[in-house]
Amino acid sequence: MLDKINALREEISALTAKDGAEVETLRIKYLSKKGVIPALFNDFRTVPAESKRAIGVALNELKEMATEKINTLRETADSAGNSEEHPDLTRSAAAVRLGTRHPLSLVREEIIDIFRRLGFTVAEGPEIEDDWHVFSSLNFAEDHPARDMQDTFFIQRSPDVLLRTHTSSVQSRVMENSKPPIRIICPGRVFRNEAISARAHCFFHQVEALYVDENVSFADLRQTLLYFAREMFGPDTQIRLRPSYFPFTEPSAEMDISCNLCGGKGCSFCKGTGWVEILGCGMVDPNVLDACGIDSKRYTGFALGMGIERITNLKYQVKDLRMFSENDTRFLEEFTSAK
């Protein structure tokens, strides 16, 4: 059998083909189920035990060689068939227009990439959630306005099943099922019962980040925010933090960046202040850590969240939120050159 294998090796190495049809004929002859090489594998069962190893290796090498040869011949035939002398008659007469990525996807991936450089990993969760993960575990009071039907979409008139209003629900799920250190970023779509206009929509996209470990401080949060702002909007970007309130963080703050249109001098976009608000943040409330099974006396953490539409508006000056979901190809074509 070794002589037959060696003879086939020489025969296959000398194969040529003029076009794709001849290549397919050769493939059928040598590699199909009833081809020459599979027939040798069937005869392998009759080979004496002492010769099986050597012949088995030779057979496998022969099959690999034949496969590579057929693939090389096919590539050569395809190249010849696509030349000007042999045009592809199946091609469209009109040039095929390439699509582009959605601006929200571009910004979402850029945000994720920045936080990945800081060691954050992506975590995702369900859009249809329960009250515990959206509200109760995050320190929302029973009578908090966000629980009202005016803000939240409830499912089947149930007070416990709803469309998530923020991606903080992913954070509570991760904290329940993981031990610190936790360093995650949670991108996703969220829903709120709001009238649709140029400045608001009933669904939009968020990215939230969470870092829980021993000795995490507000200084860590501020440096993370400064790094993000300068990576996203440029190295000259300045930030400022203003006291605020969120049920799940204490202390809480809202972050502004120096207006990237006027350089902080004041314009119509920043309403003459030189600053633009982009996100909310704060230290994770100890009640939230305890509710999710994390010892608040040992661990601390910070959280931050931003709307992707808001960041996209700042980067590309898109003034009407409705344009993001109308699928107008003229709008999408404006981002063809975006990376």
Side-chain angles (χ1 to χ4, degrees), residues 95-127 164-168 170-171 183-192 194 196-211 224-239 254-263 267 269-270 275-281 303-339:
V96 178
R97 297 172 62 187
L98 297 178
T100 180
R101 299 190 66 190
H102 196 283
L104 294 180
S105 296
L106 292 170
V107 174
R108 175 184 183 272
E109 291 305 314
E110 187 173 357
I111 294 171
I112 291 174
D113 180 64
I114 292 171
F115 278 93
R116 273 180 173 156
R117 284 179 242 151
L118 294 172
F120 287 77
T121 58
V122 175
E124 297 180 334
E127 293 181 348
R164 65 183 181 187
T165 58
H166 49 195
T167 55
S168 300
V170 180
Q171 298 180 19
R183 190 178 300 187
I184 59 169
I185 184 169
C186 313
R189 184 170 55 174
V190 299
F191 307 84
R192 294 183 187 176
E194 298 183 4
I196 298 175
S197 68
R199 299 177 61 87
H201 211 293
C202 63
F203 73 87
F204 54 98
H205 300 78
Q206 281 188 338
V207 174
E208 299 194 25
L210 172 72
Y211 178 34
T224 300
L225 294 172
L226 182 61
Y227 176 83
F228 165 75
R230 290 181 173 175
E231 289 294 304
M232 176 61 70
F233 298 106
D236 296 327
T237 303
Q238 301 298 317
I239 69 170
E254 290 180 344
M255 188 185 90
D256 303 332
I257 62 167
S258 53
C259 181
N260 60 334
L261 296 183
C262 65
C267 64
F269 186 80
C270 62
W275 297 93
V276 180
E277 177 192 339
I278 66 167
L279 59 81
C281 60
L304 60 97
M306 69 195 83
I308 299 179
E309 282 85 349
R310 179 66 168 167
I311 306 300
T312 308
N313 285 345
L314 290 172
K315 285 186 68 70
Y316 300 118
Q317 287 81 55
V318 180
K319 297 181 180 180
D320 191 335
L321 285 178
R322 293 170 292 191
M323 298 181 71
F324 290 128
S325 56
E326 288 179 347
N327 293 324
D328 188 331
T329 56
R330 295 171 299 176
F331 169 68
L332 299 177
E333 285 170 356
E334 296 180 16
F335 301 90
T336 301
S337 61
K339 64 180 181 178

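Looking at I278, T237, I239, I257 one by one, the single match for side chain to side chain contact (heavy atoms under 4.5 Å, CB included) with F228 turns out to be I278. The side chain to side chain contact (heavy atoms under 4.5 Å, CB included) test with L104 singles out one residue from I308, I311, V318, and that residue is I308. Exactly one of T121, V122, V170 qualifies for a side chain to side chain contact (heavy atoms under 4.5 Å, CB included) with I185. That residue is V122.
Applying the salt bridge (Lys or Arg N to Asp or Glu O under 4.0 Å) criterion to D236, with sequence neighbours excluded, gives no partner residue.
The structure places CG of L332 at 10.5 Å from CD of E326, a figure rounded to the nearest 0.5 Å. How far OG1 of T312 is from CZ of F324: 5.0 Å, rounded to the nearest 0.5 Å. For the atom pair F204 CZ and R189 CZ, the distance stands at 12.0 Å (nearest 0.5 Å). Once rounded to the nearest 0.5 Å, the distance linking NE2 of H102 with CZ of R108 reads 13.0 Å. The distance from atom CG of L279 to atom CD of E208, rounded to the nearest 0.5 Å, is 10.5 Å.
A donor-acceptor pair is defined here as one N or O able to donate and one able to accept, closer than 3.5 Å; no such pair exists between the side chain of T167 and the backbone of G188. When atom types are taken as modelled, the side chain of E309 and the backbone of H205 share a donor-acceptor pair closer than 3.5 angstrom.
A 4.5 Å side-chain heavy-atom check between Y211 and L118 finds every atom pair outside the cut-off. In this structure, the side chains of W275 and Q238 come closer than 4.5 Å at one or more pairs of heavy atoms. Residues M232 and I111 are in side-chain contact: their nearest non-hydrogen atoms beyond the backbone lie under 4.5 Å apart. Using a 4.5 Å cut-off on side-chain heavy atoms (C-beta onward), I114 and F120 make no contact. Within the 4.5 Å cutoff, the side chain of F331 has heavy atoms near those of the P103 side chain. In this structure, the side chains of R192 and H166 come closer than 4.5 Å at one or more pairs of heavy atoms. Residues L304 and F115 are in side-chain contact: their nearest non-hydrogen atoms beyond the backbone lie under 4.5 Å apart.
Here the shortest heavy-atom pairing between A229 and M255 reads CB-CE, 4.4 Å. Considering all non-hydrogen atoms of both residues, P187 and A123 come closest at CD-O, 3.8 Å. Nearest heavy atoms, E231 versus E110: O-OE2, 4.4 Å. In this structure, A303 and Q171 approach most closely via the heavy-atom pair CB-OE1, 3.9 Å.
With a 6.0 Å radius and a threshold of 12 heavy atoms from other residues, nucleotides or ligands, R117 has its CZ atom above the threshold.
H201 and E194 form no side-chain donor-acceptor contact under 3.5 Å, judged by distance and modelled atom types alone.
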